[in-house]
Amino acid sequence: MEYDPASIEQEWRDRWDEEGWYEVDPDEDADDVTFVTVAYPYPNGAMHTGHVRTFAVPDVYARYRRLHGDQVLYPMAWHITGTPIIGAVERLKERESEQVRILTEVYEVDEADFSELETPMGFARYFIENSYKYSMQLLGLSIDWRREFTTNDPSYREFISWQYETLHERGLLKQDTHPVNFCTNEEQPVTTHDILEGEEEEFQSYTLVKFRFGETVIPMATLRPETVRGVTNAFINPDAEYVRASVDGETWIVSARAAEKLDLQERTVEVLEPIGAAELIGESVINPITKDELPILPASFVDPSNGTGIVMSVPAHSPDDWVTLESLRTDPSQLEVHGIDSAIVEELEPIPILDIEGYGEIPAAEIVDRYGITDPDDPALEEATQELYNHEFHGGVLLEMYGEFAGEIVEEIRDTYQSQYTAAGHFDSMYDFSTPVICRCGGRVEVAEQDTWFLRYNDPDWRSKTERALEGVDVQPTNARDQYEHTIGWLEEWPCIRNYGLGTPLPWDDDFIIEPLSDSTIYMAYYTLAPHLDDDVDRALFNEIFLADDPSDRAAAMRAEFEHWYPVDVRFSANDLITNHLTFYLYHHAELFDEPLWPQGITTMGMGFLRGKSMSSSAGRVVLAHKPVERYGADTVRFFLMTSAEPWQDFDWRDDPVADTYNQLARFWRRNLELIDGPSGERELTPIDEWLLGRLNRVVESATDSMEEFEIRAATQAAFFELEDDLRWYRRRTETDRPGARWTLREVLRKRLLLLNPIIPFMTNELHERLTGEPAEVAGWPGVDDEFMDPALDAAESLRGDLVDDIQSILDVTESDPSLIRIYTAAEWKRGVLEAVIEADEPTHGEVMGRLMSEERYRHRGDQVSDMVGAIIDLVHDRSRKTFEHLMDLDEMEIIEGSASFLEREFGADIEVYSEDSATEDPADRAKHALPGRPAIHLE
RNA sequence: GCGAGGGUGGCCGAGCUAGGCCAAAGGCGGCGGGCUUAAGACCCGCUGGGGGUAGCCCCGUCGUGGGUUCGAAUCCCACCCCUCGCACCA
């Protein structure tokens with residue numbers, strides 16, 4: 001019967017579904033309980049093949065544990081917190097072309113269904129039902145769907161409310177301000193997705209150096225506060241608008257735009273009056289650090305929409321400033337129009353503040369010269385600036401004028417320097433972008449300081465608790481542990497709320513929503529309770545379940561279920577979530593639950609690529625999850641994903657290999673169905689049968705070890721391909737219609753189906769049921785049968801295999817077609833030499849010879865023995881030493897004679913076997929070449 | 001730039017935490033042969049280069065360069081390149 005995955009898979013899906021195979025309630029009699037979770041998906045689009053492995057890997061593990069008799073819970077839910085879905089709905093409602101294109105062309109949504117998608121929940125529901133859940137069910141994921149929920153469900157929100165109230169009570173949340181991207185038009189914070197221009201732009205914190213202008217402050221923004229001692233003058237844009245404003249009680253002069261920005265950044269700003277640049281040009285300001293009096297000069301390069309619109313000039317170290325001053329010198333008219341005496345510029349001397357290797361006193365002058373720049377508008381100026389700034393930052397050594405900082409590298413002390421003078425009141429700071437950022441609505445985006453709540457991940461107690469929690473986690477792959485440790489040490493305070501979006505409002509301030517990475521830290525616990533939660537649950541109930549000393553009966557029952565499943569045995573997630581979600585997961589578990597309930601294992605997975613490139617919905621570079629399943633079947637998709645890479649490695653989805661995988665499975669199906677439909681045979685075993693059963697045991701062993709380490713690829717490799725190799729040899733070696741062979745093949749198949757069941761559950765269930773009457777998944781994981789672990793059988797088989805290879809090699813070289821093959825086993829004394837080689841710790845020629853020459857029977861043919869020792873050392877070196885150890889126990893003559901009919905079949909020639917000691921026929925004088933384990937051969 | 005991981009044959013990938021049995025598992029792809037009316041499937045062989053009428057020999061090779069060692073894909077150092085993360089996208 002041809003392989004027809006569609007019908008087989010449908011049958012099993014129906015059975016699983018109708019009989020509720022994966023719906024599990026606590027069973028106290030279960031041998032062991034395994035709780036497997038995976039990061040719940042975010043259904044703001046369709047599920048594609050990149051997601052498939054994410055959910056299939058935990059399924060493979062869940063199925064593996066079930067075969068071991070565990071009661072396994074693998075649940076699923078939907079993360080819809082935050083803004084992506086809301087944004088998608090907004091863009092759909094506006095029929096934004098890009099959004100319509102992605103929905104129709106990439107996600108294949110019928111336009112007739114658009115109305116369904118025009119609410120956030122409708123949008124989420126659509127993709128949950130039509131894409132994620134549909135595909136997951138097609139794939140045969142062994143999920144207990146009764147526990148499904150979304151993070152926007154009222155009872156989930158109560159759960160999160162409980163979590164945050166608890167953390168709040170424990171002082172692990174704190175209120176503070178935080179800079180955010182803020183649309184000045186919509187007057188609200190915006191996310192990266194909302195940005196039209198400058199999406200890549202990141203705001204920076206500028207230092208404001210508070211120059212004095214009488215009683216007034218003129219703050220100048222800089223990214224290099226340490227250059228303050230090198231300032232010779234200030235630059236102001238003669239055409240820009242400036243204002244005098246009261247800022248936090250002081251009077252400042254800044255550009256009009258800067259005043260608006262400062263207002264957004266949690267400062268009390270009151271604009272007092274506009275002030276023209278002309279009023280300031282030519283005036284003097286006092287450097288707050290050096291107390292030097294410096295002139296304000298005009299410069300058109302000063303951008304009033306960047307920083308404060310007034311900058312300090314450090315000609316020794318800033319190519320821009322150097323070139324501008326030079327141009328003012330060569331063309332004094334630029335100053336004269338503002339009524340300034342050009343002599344001022346003549347008097348300005350660059351002030352070097354640091355030394356860098358490879359530069360002289362005035363690095364800016366040098367680099368400008370090297371680039372040949374004379375014009376302030378020269379585009380090369382930017383490059384020169386970048387180069388010099390880099391050198392100065394990483395290699396600039398501050399000069400003596402810097403007192404305690406003298407001799408230090410800029411990179412090392414900038415922050416300290418900055419904060420010291422900030423504390424002294426000479427510096428301040430503001431956030432700004434370096435280029436304009438525009439919102440989708442067209443409004444300007446600025447940096448606003450906003451009140452927010454933080455999770456205090458840098459709290460020492462919390463941190464150390466989390467470190468302890470990490471110690472108890474089985475991290476896979478093991479080399480990811482460093483990343484966790486590093487993250488725990490590195491996390492600071494995490495802003496955990498947003499202004500809008502789906503999800504749970506902050507319990508004590510419902511203007512805010514708890515953000516997605518913060519409402520997904522302990523939801524695994526929610527799965528355990530989900531079947532019992534209805535609409536009347538409130539946060540008090542969760543408190544009773546998780547914390548109360550004397551819970552109500554209802555809460556106690558729920559706590560019992562929670563504790564039945566908990567802790568999470570393995571959490572599966574993605575590599576890139578180690579630095580946030582997975583570490584947060586550890587933090588919150590460490591805080592909210594008792595140590596026995598802390599996470600036991602985390603396995604992180606690599607990324608998926610499509611034909612070598614990262615998958616991208618917007619670029620249309622995705623394959624929807626259900627497509628290949630519908631075309632090739634779920635087993636093929638699962639098998640492909642599990643054999644193409646280990647879970648933590650990246651995998652590449654390519655169509656051809658998937659089709660090849662289908663062929664592999666189809667072949668497997670056909671061949672094994674034939675075996676099942678044929679006679680069942682008898683347990684009358686010959687050595688070759690026992691050999692194969694021994695190989696099977698080895699595979700069972702190694703596949704089990706691999707599965708324990710989540711090395712699914714390696715396990716599959718062993719169970720499928722390695723056994724396939726052994727079977728190929730077996731078929732070559734023996735008559736497979738023998739009753740003993742039938743029995744053996746069926747036994748191998750039986751265990752093989754079990755080993756492969758977690759990977760390809762449909763086909764293995766079907767074949768196993770046809771073979772034995774029961775599905776593979778109820779039959780249990782196979783064990784090792786000690787009866788068939790005879791290494792001598794392996795040694796004998798490799799002797800035969802090597803012999804076949806050797807004969808083949810000779811045939812290839814000689815291009816002959818012999819009618820007779822003579823085989824000579826080595827003389828008895830040579831076995832003694834082999835023994836001596838094997839027994840030697842370090843088999844060197846000298847050592848072995850020394851040992852042998854003490855015996856008369858070797859001494860009388862010293863030269864021959866010497867040659868033999870060399871040959872045997874090479875031979876042992878060449879092949880596995882273990883093989884030779886077992887070889888000592890074998891009777892080569894018997895093995896080869898027993899293989900004569902096999903060799904005759906293989907080579908279509910008569911076989912004669914002799915011992916070198918008593919060879920009656922040796923026309924080509926070959927017998928003497930025989931070595932133990934490597935008989936001499938003569939073709940005729 | 002910082003943190004973490006990685007670079008193996010046409011491709012995917014073992015091996016590298018216990019250095020020698022590693023020209024390097026396995027799969028895929030390719031080539032040749034067998035079987036077949038034929039295609040597919042299946043079976044056998046080859047697949048770094050060169051040579052060989054006897055099972056073999058020579059050269060090169062595991063990002064690059066250097067080092068340790070009798071001996072390195074495996075250990076150490078430097079460099080180059082790639083991926084992920086660097087906090088309000090989830």
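Residue numbering restarts at 1 for every chain, and letters A, B, ... go by the order of the sequence lines. FYI, side chains are in, hydrogens and waters are out, and symmetry mates aren't considered; it's all heavy atoms of this structure.
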side-chain hydrogen bond (donor to acceptor under 3.5 Å, both in side chains) evaluation trace for A/His938 with A/Arg926: CA-CA 6 Å; A/His938 176 233; A/Arg926 293 281 166 204; 5.3 Å; no
Using the rule given for side-chain contact (heavy atoms from CB on, under 4.5 Å), can you reason through A/Phe902 versus A/Arg905, listing the C-alpha separation, both sets of side-chain angles and the distance that settles it, and then say yes or no? CA-CA 5 Å; A/Phe902 159 63; A/Arg905 247 193 347 266; 3.8 Å; yes
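When the nucleotides B/rA87, B/rA41, B/rC89 are ranked by their closest atom to the side chain of A/Arg670, B/rA41 comes out on top. When distances run from any side-chain atom of A/His486 to the nucleotides B/rA4, B/rC43, B/rG3, the shortest one goes to B/rG3. Relative to the side chain of A/Tyr42, the nucleotides B/rA87, B/rC44, B/rA90 differ in distance, and B/rA90 lies closest. Among the nucleotides B/rG3, B/rA90, B/rC84, the one closest to the side chain of A/Asp576 is B/rC84. Distance from the side chain of A/Thr83 is smallest for B/rC89 among the nucleotides B/rC89, B/rC43, B/rC86.
Remark: the separation of the C1' atoms in B/rG71 and B/rG85 is 40 Å, to the nearest Å. Distance noted for atom C1' between B/rG40 and B/rC59: 42 Å (whole Å). Atom name P, nucleotides B/rG6 and B/rC77: the rounded distance is 15 Å, in whole Å. For the C1' atoms, the distance from B/rU74 to B/rG15 is 8 Å, rounded to whole Å. Taking atom P on both B/rG27 and B/rG48, the two are 15 Å apart, rounded to the nearest angstrom. The P atoms of B/rA54 and B/rC43 are separated by 32 Å, rounded to the nearest whole Å. B/rA73 and B/rC22 are spaced 8 Å apart, taking the C1' atom of each and rounding to whole Å. B/rC28 and B/rG45 are spaced 15 Å apart, taking the P atom of each and rounding to whole Å.
Consecutive Watson-Crick or G-U pairing (both distances under 3.5 Å) extending over three or more pairs maps onto RNA chain B as B:1-7 with B:80-86, B:10-12 with B:26-28, B:29-34 with B:42-47, B:48-51 with B:56-59, B:63-67 with B:75-79.
Under the ring pair (Phe, Tyr, Trp, His ring centres under 6.0 Å) criterion, A/Phe710 pairs with A/Tyr61, A/Phe572, not counting sequence neighbours. Not counting sequence neighbours, A/Glu485 has no partner by the side-chain hydrogen bond (donor to acceptor under 3.5 Å, both in side chains) test. Annotation: side-chain hydrogen bond (donor to acceptor under 3.5 Å, both in side chains) contacts of A/Trp78 (sequence neighbours excluded): A/Glu148. Shown here are the side chain to side chain contact (heavy atoms under 4.5 Å, CB included) partners of A/Asn672, two or more places apart in sequence or in another chain: A/Phe668, A/Leu675, A/Leu749, A/Leu767. Partners of A/Tyr40 by ring pair (Phe, Tyr, Trp, His ring centres under 6.0 Å), not counting sequence neighbours, listed by chain and number: A/His79, A/Tyr523. Every residue was checked against the side-chain hydrogen bond (donor to acceptor under 3.5 Å, both in side chains) condition with A/Gln99, not counting sequence neighbours, and none meets it.
Using cut-offs of 30° and 60° on the angle between ring planes, the pair A/Trp494 and A/Phe584 is perpendicular. Note on ring orientation: taking the six-membered ring where Trp is involved, the planes of A/Phe55 and A/Tyr132 are perpendicular (angle over 60°, cut-offs 30° and 60°). Using bins of under 30°, 30° to 60° and over 60° for the plane-to-plane angle, the ring pair A/His588/A/Tyr164 lands in the tilted bin.
Rounded to whole Å, the distance from CH2 on A/Trp669 to C1' on B/rG40 is 20 Å. Taking atom CD on A/Glu392 and atom P on B/rG1, their separation rounds to 18 Å, with Å as the unit.
Heavy atoms of A/Asp725 sit under 4.0 angstrom from primed sugar atoms or phosphate atoms, though from no base atom. Using a 4.0 Å heavy-atom distance criterion, A/Asn580 is classed as a base contact. Looking at heavy-atom distances under 4.0 Å, A/Leu491 makes contact with a base. Residue-level contact check: A/Leu577 touches the bases, meaning some heavy atom is under 4.0 Å from a base atom. Looking at heavy-atom distances under 4.0 Å, A/Gln717 makes contact with a base.
Contact check, A/Arg733 against B/rC43: no side-chain N or O comes under 4.0 Å of OP1 or OP2. The phosphate of B/rA41 (OP1 or OP2) has no side-chain N or O of A/Arg671 nearer than 4.0 angstrom.
Summary of the strand contacts: A/Phe454 and A/Ala480 both lie near RNA chain B, and taking for each the nucleotide with the nearest heavy atom, the more 5' one is attributed to A/Ala480.
Checked against a 6.0 Å centroid threshold, the rings of A/Tyr662 and A/Phe640 do not count as neighbours. You'll find the ring centres of A/Tyr457 and A/Tyr587 inside the 6.0 Å limit.
Residue pairs meeting the salt bridge (Lys or Arg N to Asp or Glu O under 4.0 Å) criterion with at least one partner in residues 604-613 of chain A, sequence neighbours excluded, are A/Arg611-A/Asp655.
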Could you go through nucleotides 28-32 of chain B and list every protein N or O atom that sits under 3.5 Å from one of its N or O atoms, giving the distance for each pair?
residue	atom	partner	partner atom	Å
B/rC28	OP1	A/Gln664	NE2	2.7
B/rC28	O3'	A/Asp660	OD2	3.2
B/rG29	OP1	A/Asp660	OD1	3.2

Each nucleotide N or O in nucleotides 11-14 of chain B that has a protein N or O under 3.5 Å away: list the pair and distance.
residue	atom	partner	partner atom	Å
B/rG13	O2'	A/Arg713	NH2	2.2
B/rA14	OP1	A/Gln649	OE1	3.3
B/rA14	OP1	A/Gln649	NE2	2.5
B/rA14	OP2	A/Gln649	NE2	3.2

Just the atom pairs and distances: protein N or O near nucleotides 6-9 of chain B's N or O, under 3.5 Å.
residue	atom	partner	partner atom	Å
B/rG6	OP1	A/Asn479	ND2	3.2

I'd like a list of close polar pairs between nucleotides 53-55 of chain B and the protein, N/O only, cut-off under 3.5 Å.
residue	atom	partner	partner atom	Å
B/rA54	N6	A/Leu939	N	3.3
B/rA54	N6	A/Leu939	O	3.1
B/rA54	N1	A/Ile937	O	3.3
B/rA54	N1	A/Leu939	N	3.0
B/rG55	O2'	A/Asp806	OD1	2.9
B/rG55	N1	A/Pro935	O	2.9
B/rG55	N2	A/Asp806	OD2	2.7
B/rG55	N2	A/Pro935	O	2.8
B/rG55	N3	A/Asp806	OD2	3.3

